[in-house]
Asks: 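To start, I am sharing the structure in question, which I have written as structure tokens.
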Amino acid sequence: LLEEIKPELGLPEDRALIHVLRSDAFFLRNDDAGAETEINAALALNADVAEVHLSHSTLLSRQGKQDQAEAELDRALTLAPDHYQALYRKAEMRRQQADPENPIGFYSKAIEIDGKSPPARIARALAYIALDKDELASMDAETILEINPDHTVAKYVRALLMARKKQYD
């Protein structure tokens, strides 16, 4: 498949994104060197595309360079402040820094952009639980269950909240 995705076949304005797609394919193959080559090519073509910086952030994170990865996310968000995936990843990076208060704003903004996407709601609910804000966590879990009554993780969050209240019905 990688041989079929050739940047030179795309329009000039799309070539950087084609390199990003190729880098994603290399990530899936656990080939960080191939991904890095593609990301560098994308950056050389057009450094003003949020997706390029998002992929670069992924690479840097995989290399253990968390500060640089977060800086790339900041660049992506400067270029596209409402980029759902960049906001979600920024929140996740903040969550990994063991500060449950810090990621909530990023999760909330991602939810404003795509209110039906479960990952940000689940993550925000778990951050609220860590802060003992169970009512807010419950609202996120119930919203997901309204959209998808079979959502396993939302059911787990609901059960966790019920257990915290000692409601075992």
Side-chain angles (χ1 to χ4, degrees), residues 17 20-21 23-32 34-36 38-39 42 49-169:
L17 290 174
V20 168
L21 287 172
S23 73
D24 290 346
F26 280 111
F27 284 138
L28 290 172
R29 292 169 53 179
N30 289 316
D31 181 351
D32 286 0
E36 185 169 17
E38 295 298 331
I39 291 165
V49 177
E51 286 77 6
V52 173
H53 295 285
L54 190 61
S55 287
H56 195 202
S57 172
T58 300
L59 175 68
L60 292 166
S61 183
R62 287 171 65 127
Q63 294 173 338
K65 301 173 183 175
Q66 301 309 321
D67 290 341
Q68 290 172 291
E70 189 166 358
E72 283 298 300
L73 283 176
D74 290 339
R75 285 186 193 99
L77 288 167
T78 298
L79 294 166
D82 293 333
H83 195 291
Y84 175 87
Q85 193 175 6
L87 288 163
Y88 181 79
R89 294 258 328 279
K90 178 82 172 180
E92 285 294 293
M93 290 192 90
R94 293 296 174 92
R95 182 189 58 78
Q96 291 170 359
Q97 295 169 357
D99 179 4
E101 186 79 46
N102 208 338
I104 289 175
F106 292 102
Y107 289 132
S108 296
K109 186 156 183 182
I111 290 165
E112 286 174 23
I113 294 164
D114 184 358
K116 293 186 178 186
S117 180
R121 280 198 184 275
I122 289 292
R124 185 173 73 175
L126 294 173
Y128 281 142
I129 289 170
L131 295 169
D132 292 322
K133 296 182 178 181
D134 291 2
E135 286 303 315
L136 294 172
S138 179
M139 290 170 49
D140 278 337
E142 294 306 319
T143 298
I144 293 167
L145 290 168
E146 286 174 18
I147 296 166
N148 179 359
D150 296 323
H151 195 281
T152 305
V153 180
K155 286 180 177 181
Y156 168 78
V157 170
R158 178 196 275 167
L160 175 64
L161 291 166
M162 290 171 69
R164 285 169 59 107
K165 291 180 182 178
K166 298 189 181 346
Q167 296 175 339
Y168 302 111
D169 44 312

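None of these values were measured; they are calculated from a predicted model. Residue indices begin at 1 and follow the sequence shown.
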Asks: Given side chains that start at C-beta, do those of E72 and V52 come closer than 4.5 Å, heavy atoms only?
Replies: no

Asks: Looking only at non-hydrogen atoms, find the nearest pair between A50 and L79 and report the distance.
Replies: N-CD1, 3.9 Å

Asks: Is there a side-chain contact (heavy atoms from CB on, under 4.5 Å) between M93 and N102? Walk through the geometry before answering.
Replies: CA-CA 10 Å; M93 290 192 90; N102 208 338; over 6 Å; no

Asks: Could you check if a side-chain atom of K116 sits within less than 4.5 angstrom of a side-chain atom of N148, using non-hydrogen atoms only?
Replies: no

Asks: Side chain to side chain donor-acceptor pair (under 3.5 Å) with Q68: which residues, sequence neighbours excluded?
Replies: none

Asks: By the side chain to side chain donor-acceptor pair (under 3.5 Å) test, which pairs, at least two apart or in different chains, include something from residues 79-93?
Replies: E51-H83, S57-R89, T58-R89, E70-K90, D74-K90, D82-K109, Y84-S117, E92-R95, E92-Y107

Asks: So, taking the atom named CG in L73 and the one named OG1 in T78, what distance separates them when rounded to the nearest 0.5 Å?
Replies: 10.5 Å

Asks: For a quick test of reading the model, state the closest non-hydrogen atom pair linking S61 to Q66 and the distance between them.
Replies: O-NE2, 3.1 Å

Asks: List the residues meeting side chain to side chain donor-acceptor pair (under 3.5 Å) with D31, not counting sequence neighbours, and say none if there are none.
Replies: none

Asks: I need the L60 CG to S55 OG distance, nearest 0.5 Å.
Replies: 11.0 Å

Asks: side-chain contact (heavy atoms from CB on, under 4.5 Å), that's the test. Do R164 and D132 meet it? Break it down for me.
Replies: CA-CA 10 Å; R164 285 169 59 107; D132 292 322; 2.7 Å; yes

Asks: I need the minimum non-hydrogen distance between L161 and A137, along with the two atoms involved.
Replies: CD1-C, 3.9 Å

Asks: I need the minimum non-hydrogen distance between V157 and A125, along with the two atoms involved.
Replies: CG1-CB, 4.2 Å

Asks: Could you give the distance from CG (L145) to CG (D140), rounded to the nearest 0.5 Å?
Replies: 11.0 Å

Asks: Find the distance between CZ (F27) and CG (D32) and round it off to the nearest 0.5 Å.
Replies: 6.0 Å

Asks: Look up atom NE2 in H56 and atom CZ in R75, then write down how far apart they are to the nearest 0.5 Å.
Replies: 8.0 Å

Asks: Please name the pair of heavy atoms, one in A91 and one in P103, separated by the smallest distance, quoted to 0.1 Å.
Replies: O-CB, 3.2 Å

Asks: Determine, step by step, whether D24 and L28 satisfy the side-chain contact (heavy atoms from CB on, under 4.5 Å) criterion, reporting the C-alpha distance in whole Å, the side-chain angles of both residues, the deciding distance to 0.1 Å, and the verdict.
Replies: CA-CA 6 Å; D24 290 346; L28 290 172; 5.7 Å; no

Asks: Checking K165 against D134 for the salt bridge (charged side-chain N to carboxylate O under 4.0 Å, His left out) test, could you report, in this order, the C-alpha distance in whole Å, the side-chain angles of both residues, the deciding distance, and whether it holds?
Replies: CA-CA 9 Å; K165 291 180 182 178; D134 291 2; over 6 Å; no

Asks: Counting N and O atoms only, with roles assigned by atom type, does the side chain of R121 sit under 3.5 Å from a partner on the main chain of G115, one being a donor and the other an acceptor?
Replies: yes

Asks: When rounded to the nearest 0.5 angstrom, what is the spacing between CZ in R158 and OG in S138?
Replies: 8.0 Å

Asks: Under the criterion side-chain contact (heavy atoms from CB on, under 4.5 Å), I'd like the reasoning laid out for L131 against I104: C-alpha separation, chi angles, the key distance, then a yes or no.
Replies: CA-CA 11 Å; L131 295 169; I104 289 175; 3.4 Å; yes

